[in-house]
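Have a look at the structure below before the remarks.
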There are 2 protein chains.
Amino acid sequence: MSNLDEVVDFKSINNSCKSCHSAKFCLVQNLKDKDLMDFNSIVKRRKPLQRGERLFQSGDVFHSVYIVHSGSVKITIESSDGEQQITGFYFPGDLVGVDGFENSSHVYTVETLDTSSFCEISVKQFEAAAKKIPLLQQQFFKLISREIRHEQELMLLLGRMDSRRRLASFLVAMSSQLQAQGYSSHSINLSMTRHDIANYLGLAIETVSRLLTTFQNNDVLDVMRRNITIKDQRKLHGIAENRPEEECMLEKSA
Amino acid sequence: MSNLDEVVDFKSINNSCKSCHSAKFCLVQNLKDKDLMDFNSIVKRRKPLQRGERLFQSGDVFHSVYIVHSGSVKITIESSDGEQQITGFYFPGDLVGVDGFENSSHVYTVETLDTSSFCEISVKQFEAAAKKIPLLQQQFFKLISREIRHEQELMLLLGRMDSRRRLASFLVAMSSQLQAQGYSSHSINLSMTRHDIANYLGLAIETVSRLLTTFQNNDVLDVMRRNITIKDQRKLHGIAENRPEEECMLEKSA
DNA sequence: CGATGTATTGAACTCGATCAAACAGTGTGG
DNA sequence: CCACACTGTTTGATCGAGTTCAATACATCG
């Protein structure tokens, strides 16, 4: 694929919220055609980023918010002594970058998990557009609210759940994420490493690995590297919601 | 104090962002007098809530956001099996209730830690006002951004820090919270119980108690029930930031 | 092929939880 | 005024889930 292809692709995509298949979960959902056109003019599509590249990082000047268009990202923050915590995984239709409003600089870092592209929305232009399109404003609040809910759920997980619940909850969330996007809800193809999962869940990588094996031995999952098949949705939900009945899990034996 | 007093107090306060001493940290900071008057007309001040009362709770219909005017609150969420996690403490000038935009219902519960009052802002009216007053919109985003930053920091704490760092970080945050409000930064009068602190930090109440004693024995703090005096800011920061040098802490001995 | 990054498994240890009991303030009523 | 209960807090002793350290397996790629 030549550079030329890339550029052309680029231009044709640029004004295409209408043809975007994540438009139905994203900021523009429910927007009327006319408003969509208006909004489209302020959206910039950047060249896709490769796995491991950063959309922006902690401390960067804040000028835009972004919608994930394709691929997936992790959000991380760093502590004063250099340790990192992943605070979220985000997928097509999700909004990232709202952390920048407070001090005009970003507090978290957004890094791609695979090749990913983004719709960039300049804050200045957005504020003007929001004034003209009330629904856009409302949708924006909805997406922020969704980010806040994700964070609330992660805090609950990190503060109160044991390791089994954490992993089960994570898999349930991944599953319903896929379902919302129209994919199969029982076949998960993880874009993140065990290391990322462990960090996100506040666990050691070994614990995640062991739990996956245990789940597999108890016919809850089928684990093949990054491909995970949910064999028993009911049991998995049982673990995630800590329902004692379905907790008939055996150690290490099949 | 009679009922009459209460009502009068009430009315006179109602249009008084100008005279409110938390106005400089809250939504209205930097607003021009004219805009302030406009905004004032859409703000409702409710009768103060007593300690333990709820401003709203998970599942309630979402119609307003609130600024804490006086007192303090905790935000909690509940897991499917009924366990609660405190995800934040909020103080005068802070915004709560932004969790409701996603599904028009609240995901978290806001409960007062002491007698507290709130400025209620109807979402519908706010959206209209924001259109007319661009700065108001910007301030609103700033406060949301602040909430997100708080959450990011708590996730980092819950995911990566050991118990000593958690407690030290909490005290540092409380201290700078007080300082920002113009109070002494080394004399903390906690409005929350040990139980709340422990829950917030993802620890057992006994662990918090033991750590407070240890800190006291090492001349970092002076603990007298809910009154905590920071005797050694440098050391406390050292623990919070995990700097090995200042970690010369002895067990159980003075 | 060896080399590298990623993942699994095993064994020992540790931090913080849990269980249990005592202690300290605060109010209540006799 | 003191006995009583009640709630919140401290302290002690024990235990276990999950970490850490270490070794091995596995896949991908030069």
Side-chain angles (χ1 to χ4, degrees), chain A residues 50-52 74 83 85-86 113-114 157-170 188-218 221-228 239 242 247 249 251-254, chain B residues 51-52 74 83 85-86 113-114 157-170 188-218 221-228 239 242 247 249-254:
Chain A
Q50 297 303 304
R51 172 187 157 78
K74 60 178 172 186
E83 276 205 283
Q85 169 71 30
I86 298 176
L113 294 171
D114 43 23
L157 180 145
L158 291 171
R160 299 255 81 76
M161 297 185 188
D162 64 17
S163 60
R164 288 156 22 110
R165 277 190 86 180
R166 292 186 195 197
L167 186 61
S169 300
F170 167 72
I188 305 175
N189 199 336
L190 297 171
S191 55
M192 63 288 285
T193 65
R194 296 279 189 278
H195 183 84
D196 285 341
I197 298 171
N199 181 294
Y200 177 67
L201 299 176
L203 299 171
I205 186 171
E206 294 93 331
T207 307
V208 171
S209 194
R210 273 184 255 272
L211 282 171
L212 284 173
T213 331
T214 310
F215 286 178
Q216 172 155 267
N217 288 344
N218 289 270
L221 302 177
D222 226 0
V223 184
M224 284 187 62
R225 295 186 56 71
R226 303 237 183 134
N227 292 292
I228 292 181
I239 301 167
N242 203 26
E247 280 198 77
M249 310 211 55
E251 300 290 315
K252 300 186 181 188
S253 57
Chain B
R51 173 186 156 80
K74 59 178 173 186
E83 275 205 284
Q85 169 72 28
I86 298 176
L113 294 171
D114 43 23
L157 180 146
L158 291 171
R160 300 256 80 75
M161 297 185 187
D162 65 17
S163 60
R164 287 156 23 110
R165 277 190 87 181
R166 290 186 197 198
L167 187 62
S169 301
F170 167 72
I188 305 175
N189 198 334
L190 297 171
S191 55
M192 62 290 284
T193 64
R194 297 277 189 280
H195 184 84
D196 285 340
I197 299 171
N199 182 294
Y200 177 67
L201 299 176
L203 298 172
I205 185 172
E206 295 92 332
T207 306
V208 172
S209 192
R210 272 184 257 272
L211 283 171
L212 284 173
T213 328
T214 310
F215 286 178
Q216 172 154 270
N217 288 344
N218 288 270
L221 302 176
D222 225 0
V223 183
M224 284 187 60
R225 296 183 57 69
R226 303 236 184 133
N227 290 294
I228 292 181
I239 302 167
N242 203 26
E247 281 197 75
M249 309 211 55
L250 304 166
E251 299 291 315
K252 301 189 179 187
S253 58

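Sequence lines set the chain letters: A, B, ... in the order given, protein chains first and strands last, and positions in each chain run from 1.
Atom CZ of B/R225 is separated from atom C1' of D/dG8 by 7 Å (rounded to the nearest Å). In this structure, A/E206 atom CD and C/dG10 atom C1' are separated by 11 Å, rounded to whole Å. When rounded to the nearest whole Å, the span between CE of A/M161 and P of D/dG18 equals 13 Å. Remark: P of D/dT10 and CE of B/M224 are 12 Å apart, rounded to the nearest angstrom. In this structure, B/R51 atom CZ and D/dT7 atom C1' are separated by 10 Å, rounded to whole Å. In this entry the distance linking CG of B/D162 with C1' of C/dA17 reads 15 Å, nearest Å. Per the geometry, CG belonging to A/N217 stands 12 Å off C1' belonging to C/dT9, to the nearest Å. Note: CG (B/N227) to C1' (D/dT9) measures 14 Å, nearest angstrom.
In plain terms, the two heavy atoms of B/Q85 and B/N199 that are nearest each other are NE2-O, 3.2 Å. Residues A/L203 and B/R160 approach most closely at O-NH2, 4.5 Å, considering heavy atoms.
Distances shorter than 4.0 Å separate none of the side-chain N or O atoms of B/S163 from OP1 or OP2 on C/dC15. Between B/R210 and D/dT10, a side-chain N or O to OP1/OP2 separation shorter than 4.0 Å is absent. For the pair A/R194 and C/dG5, the criterion of a side-chain N or O lying under 4.0 Å from OP1 or OP2 is not met. In this structure, A/R164 does not reach the D/dG18 phosphate: none of its side-chain N or O atoms is under 4.0 Å from OP1 or OP2. OP1 or OP2 of D/dT7 has not a single side-chain nitrogen or oxygen of B/T193 nearer than 4.0 Å. For A/T207, no side-chain nitrogen or oxygen approaches OP1 or OP2 of D/dG18 to under 4.0 Å.
The side chain of B/V223 approaches D/dT10 more closely than any other nucleotide in the set C/dT6, D/dT10, C/dT9. Considering only the side chain of A/A204, D/dT19 comes nearest among D/dT19, C/dT9, C/dT8.
Distance alone, capped at 3.5 Å, is enough to place a donor-acceptor pair between the A/S169 side chain and the A/R165 backbone. When atom types are taken as modelled, the side chain of B/R166 and the backbone of B/M161 share a donor-acceptor pair closer than 3.5 angstrom.
B/L212 comes within 4.0 angstrom of no nucleic acid atom, judged by non-hydrogen atoms across all strands. B/S209 comes within 4.0 angstrom of a nucleotide base, judged by non-hydrogen atoms across all strands. When heavy atoms are screened at a 4.0 angstrom cut-off, B/R166 is found touching no nucleic acid atom at all. Nucleic acid contact class of B/L203 (heavy atoms, under 4.0 Å, all strands): sugar-phosphate only.
Side-chain contact between A/L190 and A/F170 is present, with at least one heavy-atom pair separated by less than 4.5 Å.
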